[in-house]
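Please read these numbers as outputs of a predicted model, since none were measured by experiment. In what follows, chains are A, B, ... by sequence order, proteins preceding strands, each numbered from 1. The figures that follow rest on heavy atoms only: side chains count, while hydrogens, waters and symmetry mates do not.
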Amino acid sequence: MARFIDEIRRTHYCGELRAADLGKEVVLFGWVAHRRDFGGCVFIDLRDREGLAQIVFDADYTPGEVLRPNALGTRGEAFWNMSQVKAALALAEGVRREWVIGIRGVVVHRGEKNVNPRLGTGEIEVRVAEAVLFNRAETPAFSVEDDIQTDEDIRLKYRYIDLRRAPLQRNLRMRHEVNQTVRQYLSDQGALELETPILCKYTPGGARNFLVPSRLNAGKFYALAESPQLFKQLFMMSGFDKYFQIVKCFRDEDLRLDRQPEFTQIDIEMSFVSQDDVFRLLEGLLFRIFEKTGTADLKALYPSGAFPRMSFAESVNRFGNDKPDLRFGLELCDLTALSIEHDGGGLALVKAITDRYKDGTYRLEVPAEIVKAFVIPASANFSRPQLEAFEKSLREIKGFKGLARAKLADGGAWTQSPLTKSVTDAFRLAVNAKLGVQDGDILCFQFGTTDVVNAALSKLRIDVAKKTGVIPESGHGGKWELLWVVNPPLFEQNEDGSWAAAHHAFTRPIDEHLELLSTDPARVLCYRYDLVLNGFEIGGGSIRLHDPDVQQKVFSVLGIEAAAAQEMFGFLLEALRSGAPPHGGIAIGMDRLTMLLSGGATLRDVIPFPKTNQGLDTMSGAPVFVDPKQLDELHVAVAPTK
RNA sequence: GGGGUGGUAGUUAAGUUGGUUAUAACGCCGGCCUGUCACGCCGGAGGCCGCGGGUUCAAGUCCCGUCCACCCCGCCA
């Protein structure tokens with residue numbers, strides 16, 4: 001029987017030792033982080049999940065010196081066997097980084113002049129009486145340190161080493177804390193944790209599904225669930241009333257910094273609720289998560305207990321998108337109406353747009369082309385090359401044509417601008433007044449389709465905020481701004497004029513707009529909501545359509561025939577007719593939330609084993625080609641790659 | 001599907017108008033060192049310059065192709 005582990009059991013984690021433990025006999029197991037060899041005296045920083053402790057190997061001292069007059073004195077002889085102490089020193093001289101060892105020793109004070117204030121354990125060290133080598137380790141490709149420059153693909157290939165680093169240990173512990181808090185809080189609120197299938201029926205539309213061939217049903221495929229949406233609604237029809245699940249979802253789309261093919265959602269659905277009920281539950285949950293993770297005191301930020309709300313239309317108007325970062329101002333300004341008033345204000349590009357509205361079809365709800373402005377304050381004091389760099393980075397937006405700029409000079413003149421010559425005085429002054437600009441401010445204009453104008457200016461807004469340091473390049477910067485964005489349009493129009501569901505076809509239109517379904521679908525808003533944190537959408541949901549008559553009207557706007565609806569969503573439609581309670585819910589992106597709480601910039605730092613940008617697992621090598629026999633069994637033939 | 005950036009020692013990077021033996025730091029190996037904590041000092045090893053082709057007397061460097069990584073657009077109920 002091994003002496004260590006079996007007989008000599010671990011008493012503490014390295015990182016938890018404190019001055020309060022002085023004089024204690026301890027047993028530590030861990031990894032060698034650093035070794036400092038002075039020939040006859042060796043210091044090792046021993047690391048485990050709680051942190052580092054300095055352990056000292058030194059054969060050249062007497063037990064009495066270390067043990068003086070504490071309780072260990074009586075067992076000093078048994079504890080300090082000098083041949084074991086010498087063997088431990090020899091072992092210490094031979095160990096290398098990341099070797100796994102165990103030690104038995106005594107916690108002693110380092111002496112005032114040797115205290116290391118940067119370590120939690122910096123006041124103490126452990127004098128080693130006996131040591132064991134559990135395992136050697138090959139030299140790792142990169143150091144197990146907090147700050148490393150190593151490329152992410154190498155870190156991912158050796159993920160098990162990367163995960164030893166303190167920042168990732170912290171992130172995954174925060175993930176644990178989020179999971180635990182969700183389970184406890186939602187369970188306390190009466191929600192049942194129920195599971196839904198991963199192997200599902202493929203449904204067209206929405207995200208691409210991963211497909212899984214069925215061996216037992218030749219030629220047929222399952223789809224991996226992209227979300228538990230339909231099943232959680234069925235739970236409501238089955239009378240479970242309140243449900244939650246921390247669930248893996250799968251989407252076969254291209255990856256991004258904040259998008260992985262398999263990710264985790266906190267999924268919630270409730271019966272007999274209004275939008276406000278869903279909000280209250282989520283606000284309580286977020287308050288608790290922020291508290292338990294030690295992130296921030298939301299009570300101080302939101303004394304009412306509720307997060308602010310903003311309509312989708314207002315968000316798009318003021319910030320250019322539906323997930324505004326409210327940590328700073330710098331709002332956009334719509335000049336379309338003013339431009340129409342001034343008949344283009346002498347600017348050809350603007351007049352081309354305002355002419356389109358002459359027949360009186362201008363409507364705020366469905367503008368096709370607009371004029372909008374953004375002001376870079378004079379205080380930012382950007383150089384011309386810096387301003388041009390902003391414009392350059394906007395070119396990645398599809399359809400972006402250019403950024404018209406003007407610098408405001410004395411008397412409200414526009415300078416350093418192609419607009420200077422042609423703009424009418426009246427329009428220029430009206431614009432200045434509306435924007436409330438001052439000398440030296442840079443006016444940035446966008447004319448064109450709503451999508452491009454908003455995409456460009458909302459990106460510019462963020463870029464400028466980061467460049468001026470109002471918010472950091474990544475991370476929260478100590479600021480937290482939560483927001484509900486509510487009531488977006490139910491439909492969006494395709495290029496051919498037909499209508500598509502902006503989110504999904506089972507979202508309930510707001511009551512006042514039911515009549516518009518047949519007369520003006522563009523203006524129908526719905527009970528859909530997104531929860532936004534610091535400019536990231538961390539969750540979204542809706543109150544569902546439970547009335548079969550209204551459902552039928554929605555389908556008819558979408559041009560979905562009864563037969564087609566039956567084919568696509570048959571089981572849900574039947575269930576809705578079986579006695580469906582009014583219900584609604586939400587799903588929170590658990591990875592993304594954890595990423596934001598941890599201050600990280602990438603989802604890969606809060607997911608233990610993430611995929612690369614190409615969806616590869618560089619550690620295991622997945623995905624791989626498989627043996628033709630396996631394909632035969634699955635009734636699958638692989639087409640030759642082009 | 002498209003655009004951008006990059007790939008040189010284990011790691012991170014430098015490498016001039018194409019020109020002798022491809023540099024540095026950290027890490028690694030050996031030696032010395034009893035109060036360090038990014039220990040220090042002395043010495044040493046380590047390279048298919050992503051891969052394939054081309055131009056040239058000569059390619060890390062120029063050209064073509066390709067693979068991989070990262071970032072973005074499209075896409076993401």
Practice item. Ignoring backbone atoms, test whether Arg36(A) places a side-chain nitrogen or oxygen under 4.0 Å from the OP1 or OP2 oxygen of U36(B). Key: no

Check your understanding: Nearest to the side chain of Arg96(A), which nucleotide is it out of A77(B), G30(B), C75(B)?
Key -> G30(B)

Check your understanding: How does protein contact run along nucleotides 8-13 of chain B, one letter per nucleotide 5' to 3', with B for base contact, S for sugar-phosphate only, - for none, heavy atoms under 4.0 Å?
Key -> --SSS-

Review point. Base, sugar-phosphate alone, or nothing: which one does Glu396(A) contact when heavy atoms must sit under 4.0 Å apart?
Key: sugar-phosphate

Point to revise | C39(B) and G27(B), which share atom name P, separated by this distance in whole Å | key: 8 Å

Point to revise | Neighbours of RNA chain B within residues 524-532 of chain A, by heavy-atom distance under 4.0 Å | key: none

Exercise for review: Kindly write out the residues that satisfy side chain to side chain donor-acceptor pair (under 3.5 Å) with Gln265(A), not counting sequence neighbours, or none if the list is empty.
Suggested key: none

Check your understanding: When we call it a touch if two heavy atoms are under 4.0 Å apart, what does Leu52(A) touch: a base, just sugar-phosphate, or nothing?
Key -> nothing

Check your understanding: Which parts of residues 37-49 of chain A get close to RNA chain B, meaning a heavy atom less than 4.0 angstrom away?
Key -> Asp37(A), Phe38(A), Gly39(A), Gly40(A), Cys41(A), Phe43(A), Asp45(A)

Practice item. Tell me, please, which residues at least two apart from Phe43(A) pass ring-ring contact (aromatic ring centres under 6.0 Å, His included). Key: Phe38(A)

**Study point:** RNA chain B contacts made by residues 603-617 of chain A, counting heavy atoms under 4.0 Å
**Key:** Arg604(A), Thr612(A), Asn613(A), Gln614(A), Leu616(A)

Review point. Does Arg35(A) make a side-chain N or O approach to OP1 or OP2 of U36(B) shorter than 4.0 Å?
Key: no

